[in-house]
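Below, chains carry the letters A, B, ... as their sequence lines are ordered, and counting in each starts from 1.
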Protein chains: 2
Amino acid sequence: MAEPQCPECGRINEVLSRVGDRWSVLVVISLAQYGVLRFNALKRHLGISQRMLSLTLRELERDGLVSRTYHPTIPPKVEYALTPLGESFREPVKALGLWALEHLPAIDAARAEYDAAAEAEKKTA
Amino acid sequence: MAEPQCPECGRINEVLSRVGDRWSVLVVISLAQYGVLRFNALKRHLGISQRMLSLTLRELERDGLVSRTYHPTIPPKVEYALTPLGESFREPVKALGLWALEHLPAIDAARAEYDAAAEAEKKTA
DNA sequence: CGGTATCCGAGACGATACTG
DNA sequence: CAGTATCGTCTCGGATACCG
């Protein structure tokens, strides 16, 4: 693709591809809500596959949003929590989550209407 | 995958898969900034492929976030703008975009540090 | 328990060519 | 100008199996 005429869009794009994916957002939301969570707790809570959770957590740790604490007990115990940077991400994410919950019905309605109109269109043709 | 233990996560996930992808977010940001934009203007501005822009816009229109106005002139002219629902999406999206711009350096730093540590680890082994 | 390694299908995405 | 159609590629992400 051609580079964007707008450099800001390129950079926002860049950050969004890092921490903007679905699983990252959901992990941050969960940690924000519960403070500290173990691997399998997160897994069950989100309904995410082991593989994706592992990858997502590693990326989040790498980006400095999440801290990983390993307790070498038997059985092993690993706890994940938000770093200060992760905490700062809470606000915008929370806003997004709230908007999502609030406007889901409106989106569903718009979608139904659009589909109905498209269906009517087909009859005309 | 197993269903999430947390139903809220399921719903947030649902909305995010609709309007949470990278291109949708960037289109909304652009429209929020300029008010009204034509197809190719958006295309150049974002550095998006024709195909993805077409798909993204259709989805956004279907979800009721973006309005499409067709002027049957020669050459044709199509204008895209935010609907009221789309406008309401501006706030959370703006928060996200600002956070992204503001914390990109911190993320880069964290990432560099993480990678350096990983590199040092390899030498030990 | 908390991962990693491997495999594989489905969908995302870009490039290109064509249409009204 | 504003798309649609088709194609090939590449990444996402689940399933499965195995390790410390």
To the nearest 0.5 Å, what is the distance between [atom1] on [X] and [atom2] on [Y]?
X	Y	atom1	atom2	answer
Arg11(A)	Leu16(A)	CZ	CG	13.0 Å
Arg38(A)	Thr69(A)	CZ	OG1	12.0 Å
Ser24(B)	Leu60(B)	OG	CG	4.0 Å
Ile48(B)	Ser54(B)	CD1	OG	9.5 Å
Arg44(A)	Leu37(A)	CZ	CG	10.0 Å
Arg58(A)	Arg68(A)	CZ	CZ	9.5 Å

**OP:** Could you tell me which residues satisfy side-chain hydrogen bond (donor to acceptor under 3.5 Å, both in side chains) with Asn40(B), sequence neighbours excluded, listed by chain and number?
**Re:** none
**OP:** Could you check Thr83(A) against Glu61(A) for side-chain contact (heavy atoms from CB on, under 4.5 Å), going step by step and ending with a plain yes or no?
**Re:** CA-CA 9 Å; Thr83(A) 63; Glu61(A) 191 196 352; over 6 Å; no
Original post:
Residues two or more places apart in sequence or in another chain: which of them pass side-chain contact (heavy atoms from CB on, under 4.5 Å) with Glu8(A)?
Top reply: Cys6(A), Leu101(B)
**OP:** Output, in order, the C-alpha distance, side-chain angles, deciding distance and verdict of side-chain contact (heavy atoms from CB on, under 4.5 Å) for Cys9(A) and Ile29(B).
**Re:** CA-CA 9 Å; Cys9(A) 290; Ile29(B) 289 177; 5.6 Å; no
**OP:** For a side-chain contact (heavy atoms from CB on, under 4.5 Å) with Tyr80(B), tell me which candidate from Val27(B), Leu53(B), Leu57(B) qualifies.
**Re:** Leu57(B)
Original post:
Bend angle of the helix from dC1(C)-dG20(D) to dG20(C)-dC1(D) from five-pair axes at both ends, rounded to 10°?
Top reply: 40°
Original post:
Which residues within residues 46-60 of chain B lie with some heavy atom under 4.0 Å of an atom in DNA chain D?
Top reply: Gln50(B), Arg51(B), Ser54(B), Arg58(B)
**OP:** Shoot me the first and last contacting nucleotide of DNA chain D against chain B, ordered 5' to 3', at under 4.0 angstrom to non-hydrogen atoms.
**Re:** dC1(D) to dA15(D)
**OP:** Could you check which residues of residues 31-45 of chain A get a heavy atom under 4.0 Å from DNA chain C? Sort them by number, please.
**Re:** Arg38(A), Phe39(A), Asn40(A)
**OP:** Using heavy atoms and a sub-4.0 Å distance, could you list which residues of residues 65-83 of chain B are near DNA chain C? By number, please.
**Re:** Pro76(B)
**OP:** Mind running side-chain contact (heavy atoms from CB on, under 4.5 Å) on Met52(A) and Ser49(A) for me, showing each step along the way?
**Re:** CA-CA 5 Å; Met52(A) 286 316 294; Ser49(A) 72; 3.5 Å; yes
Original post:
What are the 5'-most and 3'-most nucleotides of DNA chain C lying under 4.0 Å from any heavy atom of chain B?
Top reply: dC13(C) to dG20(C)
**OP:** Would you mind reporting whether Leu82(A) and Ser67(A) have side-chain heavy atoms less than 4.5 Å apart?
**Re:** no
Original post:
Is there any ring-ring contact (aromatic ring centres under 6.0 Å, His included) pair reaching into residues 21-57 of chain B, and which pairs are they, with sequence neighbours excluded?
Top reply: Tyr34(B)-His45(B)
**OP:** Sort and list the pairs that fulfil ring-ring contact (aromatic ring centres under 6.0 Å, His included) and have at least one residue in residues 51-75 of chain A, not counting sequence neighbours.
**Re:** none
Donor-acceptor contacts under 3.5 Å from residues 104-114 of chain A side chains, at least two apart:
residue: Asp108(A); atom: OD1; partner: Arg18(B); partner atom: NH1; Å: 2.7
residue: Asp108(A); atom: OD1; partner: Arg18(B); partner atom: NH2; Å: 3.4
residue: Arg111(A); atom: NE; partner: Asp63(B); partner atom: OD1; Å: 2.8
residue: Arg111(A); atom: NH2; partner: Glu59(B); partner atom: OE1; Å: 3.4
residue: Arg111(A); atom: NH2; partner: Asp63(B); partner atom: OD1; Å: 2.8
residue: Arg111(A); atom: NH2; partner: Asp63(B); partner atom: OD2; Å: 3.3

Would you list the atom pairs, donor with acceptor, under 3.5 Å between side chains in residues 87-97 of chain B and any protein atom, with sequence neighbours excluded?
residue: Glu87(B); atom: OE1; partner: Arg90(B); partner atom: NH1; Å: 3.4
residue: Ser88(B); atom: OG; partner: Trp99(A); partner atom: NE1; Å: 3.0
residue: Ser88(B); atom: OG; partner: Leu85(B); partner atom: O; Å: 2.6

